[in-house]
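So the structure is just underneath, and the comments pick up after that.
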Amino acid sequence: MKTVEIIYRYEARDTPARPLPTDSQAALRRLDAGNRDFAVLLDHIKDEGGIQQIIPVDARDLGLQPGKSGPPAQRPFAAVLGCSDARVPVELIFNEGPNDLFVIRVAGNGLGTEVLGSLKYAVEHLGGTLKLVVVLGHSGCGALTTAVDVFLNPGDYLALATKHSLRNILDRLQVVVQATSSKMLAVFGSDIARNPGYRQALIEASIATNAALAAYSIQQEFDANERSELRAAYGVYLVETREVWAPRVGGTKGAGLAEPPSDLAEFSAFGDAIVQSDRIASFLRTEK
Ligand SMILES: [Zn+2]
């Protein structure tokens, strides 16, 4: 029988099921490794006999420690701001279990007031174990798709005029789409706007820009508050391949999470890297 089983295995033992990452780099490596394991798992669906993925979890994280009563302490090693999209279940795609991640999900993974408040809580109260904050966009994001369509066809905005809650999300994304579009025109020339793949490329490049910009803003906040031991990272979960992708300066592939640019000047080179990445170029090439 061909099966893929993902098993959360609780074992009563004295040592932690998995040691917590001790710094931001270790936290980033663990998330990248977890995503790689998850991404390849379904590739084995063709194998005879199927495959099992076992995620070791600590019984203590459910308050099941022998001889102890009371709730377990909250001890996530990373906070993840992701999109509400049902195809992006955060713990699952990083191979993590209960009490590993502090997760905030909101359409378009933007930095609204409640999101910032939740992150502030995590940083101030979970600082003992928390090492990394990740902003995770995803391919085909509906929020960015709508923002791009409104940008390309401003007349469509009228239909949203009375929908204040939706506009709250979309208005914040317009600056991201505008900047990404300017970058594409600067890199490829103004004719690119007539390429049949332009809309799709703009959506996907805006998704990456949006995640990186949010991670950059969070990192600025950490540095300003002398919490520089905390690092921010960004990535885009590709629903097609189940892999995390993060375009970055100096590479065209961009596998795994990455740290955002360190200042606004670096953002310009970063914008070039996004629009010239293999992935974004593929939309423009294949649909010509
Ligand atoms: Zn989304």
Side-chain angles (χ1 to χ4, degrees), residues 31 34-35 38-39 42 78-94 96 101-119 133-153 156-157 159-160 163-181 184 197-218 232-247 254-258 260 271 274-275 277 279-280 282-283:
L31 290 177
N35 174 246
F38 174 71
L42 298 187
V80 180
L81 165 58
C83 181
S84 303
D85 192 294
R87 295 167 296 178
V88 195
V90 174
E91 279 91 348
L92 190 65
I93 66 168
F94 286 117
E96 296 296 347
L101 303 177
F102 182 92
V103 178
I104 306 161
R105 290 175 70 180
V106 60
N109 44 273
L111 292 178
T113 313
E114 277 83 357
V115 169
L116 286 168
S118 301
L119 283 174
V133 175
V134 174
V135 181
L136 187 72
H138 68 95
S139 60
C141 183
L144 266 304
T145 299
T146 307
V148 164
D149 285 342
V150 164
F151 174 76
L152 295 176
N153 306 293
D156 292 356
Y157 194 78
L160 299 163
K163 298 176 179 168
H164 292 282
S165 49
L166 280 179
R167 278 172 50 194
N168 253 340
I169 294 173
L170 291 175
D171 290 354
R172 202 179 301 125
L173 296 174
Q174 283 306 307
V175 64
V176 169
V177 176
Q178 169 99 51
T180 310
S181 166
M184 287 184 73
Y198 175 65
R199 171 179 173 270
Q200 199 61 40
L202 181 57
I203 290 168
E204 295 300 325
S206 297
I207 288 167
T209 309
N210 183 48
L213 187 61
Y216 168 79
S217 304
I218 292 167
Y234 68 95
V236 176
Y237 176 71
L238 306 180
V239 295
E240 305 84 352
T241 61
R242 306 174 300 282
E243 292 165 322
V244 171
W245 167 73
L257 298 164
I274 291 180
V275 302
S277 64
R279 177 170 152 73
I280 299 305
S282 73
F283 295 110

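One-based numbering, in listed order, for ligands and for the atoms of each.
If you check the side chains of S181 and Y198, you find a donor sitting under 3.5 Å from an acceptor.
Excluding waters, the count of protein N/O/S atoms less than 2.8 Å from the Zn ion (ligand 1) comes to 3.
Side-chain contact between L144 and V177 is present, with at least one heavy-atom pair separated by less than 4.5 Å. Using a 4.5 Å cut-off on side-chain heavy atoms (C-beta onward), R242 and Y237 make contact. Put simply, the side chain of L101 reaches to within 4.5 Å of the side chain of L31, judged on heavy atoms. Here the side chains of V135 and Y216 are not in contact, with every heavy-atom distance at 4.5 Å or above.
With sequence neighbours excluded, no residue forms a salt bridge (Lys or Arg N to Asp or Glu O under 4.0 Å) with R172.
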